Amino acid sequence: EYKMEFISLNDAFATNFIKSLPQLTRLDLTANEIKLIELVLSYTRNGQNFYMNHTTLADYLVLGQTKTKAKSVGNLVSKLRKKGYIEAVTSHNFNGKNGGSSTTITVNETFLEVQLNGF
């Protein structure tokens with residue numbers, strides 16, 4: 001589980017296993033699309049499922065504290081799916097006001113490698 005709070009640099013580097021792939025900047029992707037791909041790969045390559053609700057994901061990405069931030073994440077996921085970079089399975093939690101949805105995301109690594117090898 002990804003923790004948002006900051007304790008110390010030592011703690012951040014000990015628990016923060018998010019890998020950066022500078023090569024992704026060569027592709028037609030926004031900064032947030034790149035951050036999302038890197039985040040998902042850091043989990044899945046570590047043998048973990050990537051499963052995070054849209055609001056938590058919005059806090060990780062640079063989306064600002066707006067009422068529509070979860071919707072912005074949904075749009076981001078949708079764009080990446082259309083481009084072929086990710087596959088996502090969304091489950092909606094019908095809890096009245098405490099509803100929302102969470103999405104299990106995987107990166108289409110084969111497609112990503114083909115794109116990166118095109119350069």
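On a predicted model such as this, the values are computed, not experimentally measured, just so you know.
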Any idea which heavy atoms bring Leu112 and Val107 closest together, and the distance?
CD2-CG1, 4.0 Å
Taking all non-hydrogen atoms of both residues, which atom of Asp28 and which atom of Lys83 are closest, and how far apart?
O-NZ, 3.0 Å
Is the backbone of Thr55 close enough, under 3.5 Å, to the side chain of Asn53 for a donor and an acceptor to pair up by distance?
yes
Verify, without hydrogens or angle tests, whether Thr68 (side chain) and Lys71 (backbone) share a donor-acceptor contact under 3.5 angstrom.
no
Would you say Lys79 has more than 12 foreign heavy atoms packed within less than 6.0 Å of its NZ?
no
Mind listing the closest non-hydrogen atom pair of Val40 and Phe50 along with its distance?
CG2-CD2, 3.6 Å
Taking all non-hydrogen atoms of both residues, which atom of Leu36 and which atom of Leu61 are closest, and how far apart?
N-CD2, 4.0 Å
Sub-3.5 Å donor-acceptor pair from the side chain of Ser78 to the main-chain atoms of Gly74, do we have one?
no
Atom OG1 in Thr56, atom NZ in Lys69: separation rounded to 0.5 Å?
8.5 Å
Looking at Leu24, Ile37, Asn108, which one forms a side-chain contact (heavy atoms from CB on, under 4.5 Å) with Tyr85?
Ile37
Which atoms form the tightest heavy-atom contact between Glu38 and Leu21, and what is the distance?
OE2-N, 2.8 Å
Do Leu57 and Leu39 make a side-chain contact, defined as non-hydrogen atoms from C-beta onward lying under 4.5 Å apart?
yes
Separation between CD1 of Ile86 and CZ of Phe111, rounded to the nearest 0.5 Å
11.5 Å
Find the distance between OG1 (Thr44) and CD (Glu109) and round it off to the nearest 0.5 Å.
5.5 Å
Determine whether more than 12 heavy atoms belonging to other residues, nucleotides or ligands lie under 6.0 Å from atom CG of Asn75.
yes
